[in-house]
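FYI, side chains are in, hydrogens and waters are out, and symmetry mates aren't considered; it's all heavy atoms of this structure. Within every chain, numbering begins at 1; the chains are lettered A, B, ... in the order of the sequence lines, protein sequences first and strands thereafter.
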2 protein chains.
Amino acid sequence: MTEGFGRTVRVVVCDDEQLLREALSRLVDVAPDLTVVGLAGNGAEALEAVARHSPDVVLMDIRMPVLDGIEATRRIVRGHPRTRILILTTYDLDSYVYAALQAGASGFLLKDAPSERLRDGIRIVAAGNSVLAPEATARMIEALRPDLPDEADRVLLTAITNLTGREREVFDLVATGLSNQQIAERLTISRYTVKVHVSSMLAKLGLPDRIQAVLALSRLRPHL
Amino acid sequence: MTEGFGRTVRVVVCDDEQLLREALSRLVDVAPDLTVVGLAGNGAEALEAVARHSPDVVLMDIRMPVLDGIEATRRIVRGHPRTRILILTTYDLDSYVYAALQAGASGFLLKDAPSERLRDGIRIVAAGNSVLAPEATARMIEALRPDLPDEADRVLLTAITNLTGREREVFDLVATGLSNQQIAERLTISRYTVKVHVSSMLAKLGLPDRIQAVLALSRLRPHL
DNA sequence: GGCGCACTAGTGCCCGGGCACTAGGCAGGT
DNA sequence: ACCTGCCTAGTGCCCGGGCACTAGTGCGCC
């Protein structure tokens, strides 16, 4: 329901293969709510087309002569922030996905996608949202899923729950790089007391020194 | 092209509202390559339906009586790893998305999605890939995009490029928590020499001690 | 050749970190 | 009333970290 009641989405198609350009153009135009307003054969032409038509969405290939799709995306996003870029490429490389999104693209689809998925993707990015190729989505989810901590870190996690309130506070402050003196001031207690907490904290966690505590927290942060 | 030439995808629909269950069922069945083989009114019934029909995909609501969709997902994934779960919910909460994916769901869509997007989502997860609601995709991409380093960290990044080869080596080893002695053994040089490298490294980076080096590298790792 | 730079090794000095140990106050449970 | 656990404060001790300074070697560049 998010889409469908806006005015028609105006699209520029950018690909260096003329045949594909025309084919894509027809695939887009069969949808009554989508209309192709311009074509481009490379990134530079895409910039001109965007300047001329101010489209809602640019369907952008990556590998193109003169100016590639990534750099074109970067420039369009900078100069025309209301125009969204949907990358459409043959190659499902993580580096492509990453570079495209980094450049400001709103979506990334593969050319072997069903045409309805392409049209839906255009509607999605036109609405200000994002779309990814299913393969890329799967890998991205995999990457987001924090990998399970190893045995040693699992022991650490349970040990952390056994810390007293003060020890836990001190642990967090130590892990942010504060000295005992700084922690003392933060907690308005004496540095001697801080040393006590640090020592018992390290002992309970089985860590040799505060540096290992810093590393431990940075490793375990996703799991806390 | 990834989809379309497999045999029909067998689907179980799980939702506690009977009306919606039937409506979804019809929406799925209009596609010739999709067929609903079972219905369930809560997570427990979903487990039974999966055991009986071994479906390719379960369309799963989250908020349900008896057994919620997240827990049901966890159990199905464990017991029937070939059955994929596509979460379908009304609420676009990050915590839902995260919990669902953590539980092993292959996809997460919203109930206000166009029905063709739902059908496409089923095909995607049946093919072993993943699909996310466009809103969730946008937020996930935002989360993945490493936020730009602040001014101080940008200075650090350039300073790091000015380190000599040895200093850079030492920097990396320091940042993994090694002591000067351990670094010396690793590089087969004396600990006095290590101290020299550490000192000049810290000076060039403007850091007061090795702990800040540890923290700096953990902050900047995505940018290196 | 001479200069600069990186890498090496060492000494001396100070400080902060970590440990052992003592000790008082305060809460909660038997 | 007693004990236990937590938080507090302090002392003494040792060690590793960081800095200043000296100094030899090798490499590349002018």
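Put simply, CE on A:Met201 is 16 Å from C1' on D:dC6, counting in whole angstrom units. Put simply, OH on B:Tyr192 is 18 Å from P on D:dA23, counting in whole angstrom units. Across the protein-nucleic acid pair, B:Leu207 atom CG and D:dC19 atom P stand 10 Å apart, rounded to whole Å. The separation between B:Arg191 atom CZ and D:dC15 atom C1' is 11 Å, rounded to whole Å. Following rounding to the nearest Å, A:Arg166 (CZ) and D:dA9 (C1') show an atom-to-atom distance of 13 Å. Atom CD of A:Gln181 and atom P of C:dC14 are 20 Å apart (whole Å). Straight-line distance from the NZ atom of A:Lys195 to the P atom of D:dG12: 12 Å, rounded to whole Å. Rounded to whole angstrom, the span from the CG atom of B:Leu163 across to the P atom of C:dC5 amounts to 16 Å.
A salt bridge links A:Asp92 with A:Arg139: the closest approach of a Lys/Arg side-chain nitrogen to an acidic carboxylate oxygen falls below 4.0 angstrom. The existence of a salt bridge linking A:Asp61 and A:Arg21 is excluded, since no basic side-chain nitrogen approaches an acidic carboxylate oxygen closer than 4.0 Å.
Dashed line: the shortest gap from a side-chain N or O of B:Ser179 to OP1 or OP2 of D:dG16 is not under 4.0 Å. The phosphate of C:dG16 (OP1 or OP2) has no side-chain N or O of A:Asn180 nearer than 4.0 angstrom. For C:dG18, the OP1/OP2 oxygens have no side-chain nitrogen or oxygen of A:Ser199 closer than 4.0 Å. Taking side-chain N and O atoms only, B:His197 has no distance below 4.0 Å to OP1 or OP2 of C:dA6. Proximity of B:Thr164 to the phosphate of C:dC7: a side-chain N or O atom is located under 4.0 Å from OP1 or OP2.
The listed nucleotides are D:dC19, C:dG10, C:dG18; the one nearest the side chain of A:Leu202 is C:dG18.
In this structure a side-chain-to-backbone donor-acceptor pair under 3.5 Å is missing from B:Thr188 to B:Glu185. Under the 3.5 Å distance criterion, the side-chain polar atoms of A:Glu45 are matched with a main-chain donor or acceptor of A:Gly41.
Within the 4.0 angstrom heavy-atom criterion, only backbone atoms of the sugar-phosphate kind lie near A:Ser190; the bases stay farther away. Within 4.0 Å of B:Val198, counting heavy atoms only, lie sugar-phosphate atoms of the nucleic acid but no base atom.
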Note to self: Assess the residue pair A:Phe171 and A:His197 against the criterion (side-chain contact (heavy atoms from CB on, under 4.5 Å)); give the C-alpha distance rounded to whole Å, side-chain angles, the decisive distance to 0.1 Å, and a yes or no.
What the structure shows: CA-CA 8 Å; A:Phe171 175 56; A:His197 292 314; over 6 Å; no
